Amino acid sequence: MYTSWTAKLFSKGPEKCAEKFGEEAVEAIIEAVRGDRARLTAEAADVVYHLLVMLAARDVSLADVAAELARREGVSGIAEKASR
């Protein structure tokens, strides 16, 4: 029925895409704590992929994210957080 894992995720809706991103982020955190570089690298790839899927499911492009990062350039993290 599905031609790819991405198509299957999209068919389940943005909420499922977000849930899957969260699962992958937790797995990356676990590997970071364990200190296994190869496993962390693999899990980080999963996190990046699922982040892109989650963003696309809500019609947010990587260019949108890049523009937000550019807007914050030169602003301290403390000041940026206080402005929210």
Side-chain angles (χ1 to χ4, degrees):
M1 177 177 198
Y2 301 105
T3 59
S4 68
W5 174 244
T6 305
K8 185 174 182 178
L9 281 174
F10 279 138
S11 76
K12 294 184 177 195
E15 295 82 4
K16 184 63 177 179
C17 295
E19 179 185 327
K20 190 62 182 164
F21 169 73
E23 290 171 11
E24 297 298 340
V26 169
E27 291 174 11
I29 291 165
I30 291 167
E31 295 305 334
V33 170
R34 288 182 179 160
D36 184 327
R37 188 175 188 284
R39 290 296 316 143
L40 175 56
T41 300
E43 292 301 338
D46 289 346
V47 168
V48 171
Y49 164 77
H50 285 91
L51 172 62
L52 294 172
V53 170
M54 179 181 67
L55 291 172
R58 287 294 188 195
D59 197 29
V60 175
S61 72
L62 195 53
D64 295 331
V65 175
E68 176 61 17
L69 290 171
R71 184 191 68 76
R72 295 180 187 186
E73 189 174 349
V75 177
S76 84
I78 294 169
E80 190 280 326
K81 189 166 185 168
S83 73
R84 292 187 214 172

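All values below were derived from every heavy atom in this structure, side-chain atoms included, with hydrogens, water molecules and symmetry-related copies excluded. Since the structure is predicted, the reported quantities are computational estimates derived from the model, not experimental observations.
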Could you give the distance from CD (E27) to CZ (R39), rounded to the nearest 0.5 Å? 8.0 Å
ILVMFWY cluster, L55 and F21 together (side-chain gap under 4.5 Å): yes
Identify whether M54 and L69 are in the same connected component of the hydrophobic contact network (ILVMFWY, side-chain heavy atoms under 4.5 Å). yes
Go through K20 and V53 one step at a time and tell me if the side-chain contact (heavy atoms from CB on, under 4.5 Å) criterion holds. CA-CA 10 Å; K20 190 62 182 164; V53 170; over 6 Å; no
Please find the pair of heavy atoms, one from A28 and one from V47, that lie closest to each other, and give the distance. CB-CG2, 3.7 Å
Heavy-atom nearest pair, W5 first then H50, reads NE1-NE2, 3.3 Å
Rounded to the nearest 0.5 Å, what's the gap from CD on E31 to CD on E43? Could you check? 5.5 Å
For K12, give me all partners under salt bridge (Lys or Arg N to Asp or Glu O under 4.0 Å), at least two apart in sequence or on another chain. none
Of all heavy-atom pairs linking A57 and F10, the shortest is N-CE2, 3.6 Å
Who pairs with E73 by side chain to side chain donor-acceptor pair (under 3.5 Å), at least two apart in sequence or on another chain? none
Between CG on residue L51 and CG on residue L62, distance to nearest 0.5 Å: 8.0 Å
Quick one: CZ on R34 to CD1 on I29, what's the gap to the nearest 0.5 Å? 12.5 Å
